[in-house]
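Scroll down for the structure; my scribbles are underneath it.
Note on naming: letters A, B, ... go to the chains in the order of the sequence lines (proteins, then strands), and numbering restarts at 1 for each one.
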Protein chains: 2
Amino acid sequence: MNTTEEQTTKGHQKEQCKELQLPVQDALDVLNGRWKLPILIAISFQTKRFSEISREVNGITDRVLSKELKEMEQNKIITRTVRDAFPPIVEYSITPHGLTLHKIYAELGEWGAAHRKLIIGK
Amino acid sequence: MNTTEEQTTKGHQKEQCKELQLPVQDALDVLNGRWKLPILIAISFQTKRFSEISREVNGITDRVLSKELKEMEQNKIITRTVRDAFPPIVEYSITPHGLTLHKIYAELGEWGAAHRKLIIGK
DNA sequence: GATAGCACTATCCTAAAGGATAGTATCAAT
DNA sequence: ATTGATACTATCCTTTAGGATAGTGCTATC
């Protein structure tokens, strides 16, 4: 009986865990890759134009930047605004939803630092 | 003066943010991929053998499972123990460090669920 | 004697991420 | 007339993640 109950409980916990998988994947898709965080940092403090981000995020190519910005816009992390002018002005800024990423990036950073200490050395 | 101070403050914050990048990448490397969470869930509740994990984690191939387990062992998320017997018994269990992942997976899941609501539908 | 289970490894293949390089339309400034 | 700036797009290539399939050495079981 005790055993059965334990198994039931464990089974329940496990089910809860499995339900984590989909939303966790969703979150990782948004966070992942080499460029998302640097781009987010660049935009977080003030609205920036494409070329400004391109200059500030070291090593990124225009092609990749363009793709990342599109993806972040679809994910409602940033907004894109076009102003009619020549040369064209396209501005990117962070959304409220994008701001909520700060907390989890901070937590990832904390965990990562602890991990690094454990793995690489004291 | 006010402006200068603001810029200095912002500059400082930005430097702090940039220092996040390395540990965040470390963390994401550990969390990432399709199989890490399912494997972690399988092992979390009790020590398991290779074949048990293989059966429990649906769709994974032996080759990929073997690679993931090695990586997780190197990251000190799990331990591998061999017991001399035939057929061979190799047991995998979660470490204290591995248990610390639960919290951040939970937070990723929470964020991911909110994100999903925002993007896919109300 | 054949079969099945264990814990892998080896080989081959596909798809996706991301890098390198070059090009586009438009207009203002020199 | 040429140059430069802007915000991209197009083409090509390399690297990486991960899937499919098969095989290994050993033993207990049928």
Atom [atom1] of [X] and atom [atom2] of [N]: how far apart are they, to the nearest Å?
X	N	atom1	atom2	answer
A:F86	D:dC8	CZ	P	13 Å
B:I89	D:dC26	CD1	C1'	14 Å
B:I60	C:dA7	CD1	C1'	14 Å
A:K67	C:dA17	NZ	C1'	6 Å
B:R49	C:dC6	CZ	C1'	7 Å
A:D29	D:dA17	CG	P	16 Å
B:E68	D:dT16	CD	P	16 Å
B:K70	C:dA7	NZ	P	14 Å

By nearest atom, which of the nucleotides [options] is closest to the [X] side chain?
X	options	result
B:W35	D:dT6, D:dG19, D:dC8	D:dG19
A:T61	C:dG19, D:dT6, D:dT27	C:dG19
A:D62	D:dT9, C:dG18, C:dC6	D:dT9
B:S66	C:dG5, D:dA7, C:dC8	C:dC8
A:S51	D:dT6, C:dC6, D:dC8	D:dT6
A:Y92	D:dC8, C:dC8, C:dC6	D:dC8

- Item | A:P88 or A:G33, whichever maps to the more 5' nucleotide of DNA chain C |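 Its nucleotide being nearer the 5' end, the pick is A:G33.
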- Message: Does B:R80 reach a base, just sugar-phosphate, or nothing at all? Heavy atoms under 4.0 Å.
- Response: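 It contacts sugar-phosphate atoms only.
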- Message: Categorize B:G59 for me: base, sugar-phosphate, or nothing, with a 4.0 angstrom heavy-atom threshold over every strand shown.
- Response: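 Since no nucleic acid heavy atom lies under 4.0 Å of B:G59, the category is nothing.
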- Item | Phosphate contact (C:dC6 OP1 or OP2) by B:R55 side-chain N/O below 4.0 Å |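 Yes, because at least one side-chain N or O of B:R55 sits under 4.0 Å from OP1 or OP2 of C:dC6.
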So does [Y] get a backbone contact from the side chain of [X], meaning a donor-acceptor N/O pair under 3.5 Å?
X	Y	value
A:K36	A:N32	yes
B:E52	B:R49	yes
A:S54	A:D62	no

- Query: Hey, mind stepping through A:F50 and A:S66 against side-chain contact (heavy atoms from CB on, under 4.5 Å) and telling me if it holds?
  - Reply: CA-CA 8 Å; A:F50 187 93; A:S66 177; 4.2 Å; yes
- Message: Side chains of B:T79 and B:S93 only: does a donor on one sit below 3.5 Å from an acceptor on the other?
- Response: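 Result is yes, a qualifying pair exists.
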- Query: So, does the side chain of A:R63 form a donor-acceptor pair with the base of C:dG19 at under 3.5 Å?
  - Reply: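 For A:R63, whose side chain was compared with the base of C:dG19, there is a donor-acceptor pair (under 3.5 Å).
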